[in-house]
Chemist: 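Before we start, here is the structure in question, set down as structure tokens.
Scope of the values below: all heavy atoms of this structure, side chains included, with no hydrogens, waters or symmetry mates. Numbers for residues simply follow the sequence, beginning at 1.
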Amino acid sequence: MSYIFCNIHPEMSAVVLVLSTPLYAIADANDAFVLSNIPPGDYILHLWVEGLPQTVADRLTQHLHLTGQNVDLGVITIPATSGASDAHSNKYGNPYDPIPKSPYEH
């Protein structure tokens with residue numbers, strides 16, 4: 001996983017999550033997801049939620065035995081985070097300047 005931050009705009013960021021499987025889903029606007037066309041077998045369902053500590057996400061892991069029939073996993077409740085700040089430092093490890101400057105100023 002890689003985090004990408006803008007050194008000029010602290011609110012601009014991205015997360016790049018690289019997976020070694022084609023079996024993944026992204027939740028929709030209603031926080032629901034569907035995994036389709038999964039062959040029968042035993043699987044481990046891992047969840048990743050931006051801002052959720054990995055130790056908490058690991059506790060939500062589920063072992064699944066799929067038989068080719070539709071399976072409803074029900075509701076997976078994501079615990080509330082501690083409210084930790086999403087703030088990040090600039091590329092020098094310092095806080096962003098509270099008064100933004102044009103990137104063209106020297």
Side-chain angles (χ1 to χ4, degrees):
M1 177 173 3
S2 295
Y3 293 93
I4 301 170
F5 300 109
C6 175
N7 197 44
I8 300 167
H9 307 98
E11 70 279 2
M12 292 178 64
S13 65
V15 179
V16 178
L17 185 62
V18 179
L19 305 172
S20 61
T21 177
L23 304 176
Y24 69 91
I26 298 173
D28 63 19
N30 297 316
D31 295 330
F33 65 91
V34 174
L35 291 164
S36 301
N37 303 318
I38 299 177
D42 294 312
Y43 296 91
I44 300 174
L45 174 69
H46 297 276
L47 299 176
W48 180 85
V49 178
E50 186 173 3
L52 188 69
Q54 190 59 49
T55 54
V56 176
D58 288 344
R59 290 194 297 264
L60 300 172
T61 297
Q62 295 186 25
H63 294 266
L64 306 173
H65 176 76
L66 303 180
T67 61
Q69 308 264 337
N70 287 343
V71 175
D72 184 345
L73 300 176
V75 175
I76 300 172
T77 303
I78 307 297
T81 58
S82 64
S85 172
D86 291 329
H88 59 274
S89 301
N90 68 19
K91 68 181 180 183
Y92 303 108
N94 299 319
Y96 283 87
D97 189 340
I99 302 170
K101 295 182 179 79
S102 166
Y104 304 107
E105 289 180 20
H106 294 290

Chemist: Does atom CE of Met12 have more than 12 heavy-atom neighbours from other groups under 6.0 Å away?
Modeler: no
Chemist: Name every donor-acceptor pair, under 3.5 Å, that has one atom in a side chain of residues 51-60 and the other anywhere in the protein, sequence neighbours excluded.
Modeler:
{"unit_1": "Gln54", "atom_1": "NE2", "unit_2": "Asp58", "atom_2": "OD1", "d": "2.8"}

Chemist: Kindly list each side-chain donor-acceptor pair under 3.5 angstrom involving residues 25-49, sequence neighbours excluded, with atom names and distances?
Modeler:
{"unit_1": "Asp28", "atom_1": "OD1", "unit_2": "Asn30", "atom_2": "N", "d": "2.8"}
{"unit_1": "Asp28", "atom_1": "OD1", "unit_2": "Asp31", "atom_2": "N", "d": "3.2"}
{"unit_1": "Asp28", "atom_1": "OD1", "unit_2": "Ala32", "atom_2": "N", "d": "3.0"}
{"unit_1": "Asp42", "atom_1": "OD1", "unit_2": "His65", "atom_2": "ND1", "d": "2.6"}
{"unit_1": "Tyr43", "atom_1": "OH", "unit_2": "Pro39", "atom_2": "O", "d": "2.7"}

Chemist: How about Val16 and Val18: do any of their side-chain heavy atoms sit closer than 4.5 Å?
Modeler: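 They are in side-chain contact.
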